[in-house]
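Some notes on the structure that comes next.
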Amino acid sequence: MTQVVTTVAELRAALALLKPARIGMVPTMGALHDGHVSLVTEAKKHADHVVVSIFVNPTQFAPNEDFDAYPRTLDADLKKLGDAAAIVFTPTAREMYPEGFATTITVGGPSAGLETDFRPHFFAGVATVVAKLLIAALPDIAVFGEKDYQQLLVVKQLVRDLGLPIRIIGAPTLREADGLALSSRNAYLSADERKIAASLNAILKDAIATARSTGNLRAAEATAIEALWNAGFAHVDYIAIRDAESLDHVTALERPARILAAAKVGKTRLIDNMAI
Ligand code: PAF
């Protein structure tokens, strides 16, 4: 039976009853889909009990973004999880950011560029809330999706730099049959936009093939950007081939690399990435 708690004190009391068992954590913003369930499944491989947090974190949204529209579906989320999570932590904004809250965590390294060029507020909001969630639960491991690849590297950097005794595990992206990465924001897509959205992953695969066969990474990126425009994307924020560990710029495929993309279909911003 899943226990739903809303305060850090309740969370810690519930966890104390489970200790010394190994605890895994999966931080989410809710609107859970099979991708989130796969993160919980991954967490269960490394832990005896899993805590899922559901919190739409205001500090990672800019004023012009979709914080108000972001789907909040707690009942459906609890159903989706079934009894996979021992504890679901659903704090209020006041619980996470009490009156007078004045701390922001800024992570350097992998947060530079890419998402930060288009959402400059984003990683400080993510790092601050993830640090708070991890400190609240102090799990042995925490699982984050590779779907948000830059976020995964930022969280790893944060945990390393703050010396938190928690192992961060990346879990592979779950996709629809046509390649579209599962995302809570896919719910915003109209039927026409959904068709366009599917081409993002196909275009990334083509770009990987071009990069491998020609070795010309900038040309592969440029061709992919043009392909996105031709497929009907309304805006392309970036397609970039980077070092897979640091996200540094690379000019050749000499070490593991990653292709990362962000583009808008209509008003919906999609991100995706793949290993090269
Ligand atoms: O990936 C997400 O859902 C969020 O960015 C996270 C990690 C739960 C922090 O709010």
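Each ligand, and each atom within it, is numbered from 1 in the order the structure gives.
Between Gln157 and Val107, the closest heavy-atom pair is CG-CG1, 3.6 Å.
For the residue pair Asn57 and Tyr97, a side-chain donor N or O sits within less than 3.5 Å of a side-chain acceptor on the partner. With 3.5 Å as the limit, one finds no donor-acceptor pair spanning the side chains of Asn216 and Thr214.
Taking the ring centre of Phe144 as origin, the terminal cationic atom of Arg167 falls outside the region bounded by 6.0 Å and 45° from the ring axis.
At the top of the distance list for atom 3 (O) of ligand 1, counting protein heavy atoms only, stands Met29 CG, 3.6 Å.
Taking every non-hydrogen atom of Gln151 and a distance limit under 4.0 Å, the qualifying atoms of ligand 1 come out as 1 (O), 2 (C), 4 (C), 5 (O), 7 (C). Residue-ligand proximity, Val129 to ligand 1, at heavy-atom distances under 4.0 Å covers atoms 9 (C), 10 (O). The contact set between ligand 1 and Thr28, taken as ligand atoms under 4.0 Å from a residue heavy atom, comprises 8 (C).
Counting heavy atoms from C-beta on, the side chains of Lys205 and Met274 come closer than 4.5 Å.
Annotation: Gln60 places an N or O atom under 3.5 Å from an N or O atom of ligand 1; distance criterion only.
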